[in-house]
There are 2 protein chains.
Amino acid sequence: MNERRRAYHHGDLANALTNAATELARHGGPEAVVLREAARQVGVSATAAYRHFASHGDLIHEVKERCQASLAEYMRAEVDAGSPLPDPGPEAVRRLRALGRGYIRFAVAEPGLFRTAFCQAESPRENSLAMVESPAFTMLSATLDELTGLGLIPRARRPYTEMVAWSSAHGLAALIADGPLAAFPEEEREAAINRTLDATIEAICTGA
Amino acid sequence: MNERRRAYHHGDLANALTNAATELARHGGPEAVVLREAARQVGVSATAAYRHFASHGDLIHEVKERCQASLAEYMRAEVDAGSPLPDPGPEAVRRLRALGRGYIRFAVAEPGLFRTAFCQAESPRENSLAMVESPAFTMLSATLDELTGLGLIPRARRPYTEMVAWSSAHGLAALIADGPLAAFPEEEREAAINRTLDATIEAICTGA
DNA sequence: CCCGTATGTTTACGCCGTCAACTTGGTTTA
DNA sequence: TAAACCAAGTTGACGGCGTAAACATACGGG
């Protein structure tokens, strides 16, 4: 049925719905993800969604995972872009900065998706572990390990350094995506981002 | 009508509704603030709320302001508590740390209210300026000014230092309130908090 | 005292998530 | 190949939500 998939059986409704829902999230955040609207845009009845998703929350969960993946892509892209440090230091330091910059760039470019990536799940347990096992978090940990190996992070201070880095990036990103800093003129916002990135790296790496 | 206020005219419906709505927010965050439920708990018809609030968003806005005020109280309380530094240094450094600790303590103690304090407003403009003019932000700015006066923050680095401090505290608080770190065992969470507070202060104040 | 106005109530509308029952069409099997 | 089955759609209905309109009640000032 390769080509005539659009007749009665859609062929890939689950994906089509998730795409539509993601677009809703992009423009309005998690609260804009309404099942009936996604179904409408795909051209299918609302209840058709229930053949592929157990509930509204399940659909949101799918979108949420995409958003987390998107965030990780932004981080990886910034790492791969390889923009040099102002003060060209160790490669690992550059990478640490790139991870933070990618995180924040995502929040600036896609505030709706960023908010969706961290929206509340119906099951409270679900929120927790998944994130810490994500590729993004793994990249961060690996980079910090590397910096420790290079002697740039004292071994005594290594524990919980993921949290120091994550908190700082997440805080700035959240303040941008959630409102308080959204109205900042671009130039000031960029300055605040750089200042925060600088300060955080300095706090983590001895001398830099 | 001091005492017989409960007959037909309630006497202070606006406040009663805001109280009920705040309680809903405490247990379920902003998405749990449903107008009809608040009215139900006060024992009044749903549409009665419209004599005191223009819309559902208006009610949430009221709750949101209370939550922001609560946050500021937590910060002030922690400052006033005057718990000494591990390494007793300048008073202003202690106060900076207390501000951060109060911010995070609020998120730990009242995740629902914390999330409500930063929930999206219907008017996008509304989110921005109000926060930066809040008493909490003012306390932070004043303390940073003081540290600059003491020579603990180099003048060249003074700009945007509010953002460095705010981002760090807000990030950790948000990660706790929004899920990812909520399931951390208390001991680890406390360690992460202290480590982040230490690192941030070190990043802001030269030597400490 | 009486009337206006502030503050309630009832009713109703459309949108939401979701359930139950029915229909359609591709796949499997006798 | 025909029958039977099952996956994937449909329509219709329900209760809950925010909210508008019309109606009711009680307080307070002329």
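In what follows, chains are A, B, ... by sequence order, proteins preceding strands, each numbered from 1.
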Among pairs that include at least one residue of residues 31-42 of chain A, which meet side chain to side chain donor-acceptor pair (under 3.5 Å), considering only residues two or more places apart or in two chains?
A:Glu31-A:Arg115, A:Glu37-A:Arg40, A:Glu37-A:Gln41
In whole angstroms, how far is the P atom of D:dG16 from the CD atom of B:Gln41?
15 Å
Heavy-atom count check: over 12 atoms from other residues, nucleotides or ligands less than 6.0 Å from B:Arg157 CZ?
no
Could I get the full list of side-chain hydrogen bond (donor to acceptor under 3.5 Å, both in side chains) partners for A:Thr196, not counting sequence neighbours?
none
Treating primed atoms plus P, OP1 and OP2 as sugar-phosphate and everything else as base, which nucleotides of nucleotides 11-18 of chain C get B, S or - for protein heavy atoms under 4.0 Å?
B----BBB
Is it true that, when you exclude B:Arg76 itself, more than 12 heavy atoms of the residues, nucleotides or ligands shown sit nearer than 6.0 Å to its CZ?
no
Please tell me if B:His52 has a side-chain N or O lying less than 4.0 Å from either OP1 or OP2 of C:dG8.
yes
B:Leu13 CG to D:dA26 P: how many Å, rounded?
15 Å
Got a sec: does the CZ of B:Arg26 have more than 12 other heavy atoms crowding it under 6.0 Å?
yes
Rounded to whole Å, CG of A:Asp12 lies from C1' of D:dG9 at a distance of 15 Å
With a 4.0 Å cut-off, would you call B:Glu190 and B:Arg101 a salt bridge?
yes
Between CZ of B:Arg51 and C1' of D:dA20 the distance, given in whole Å, is 11 Å
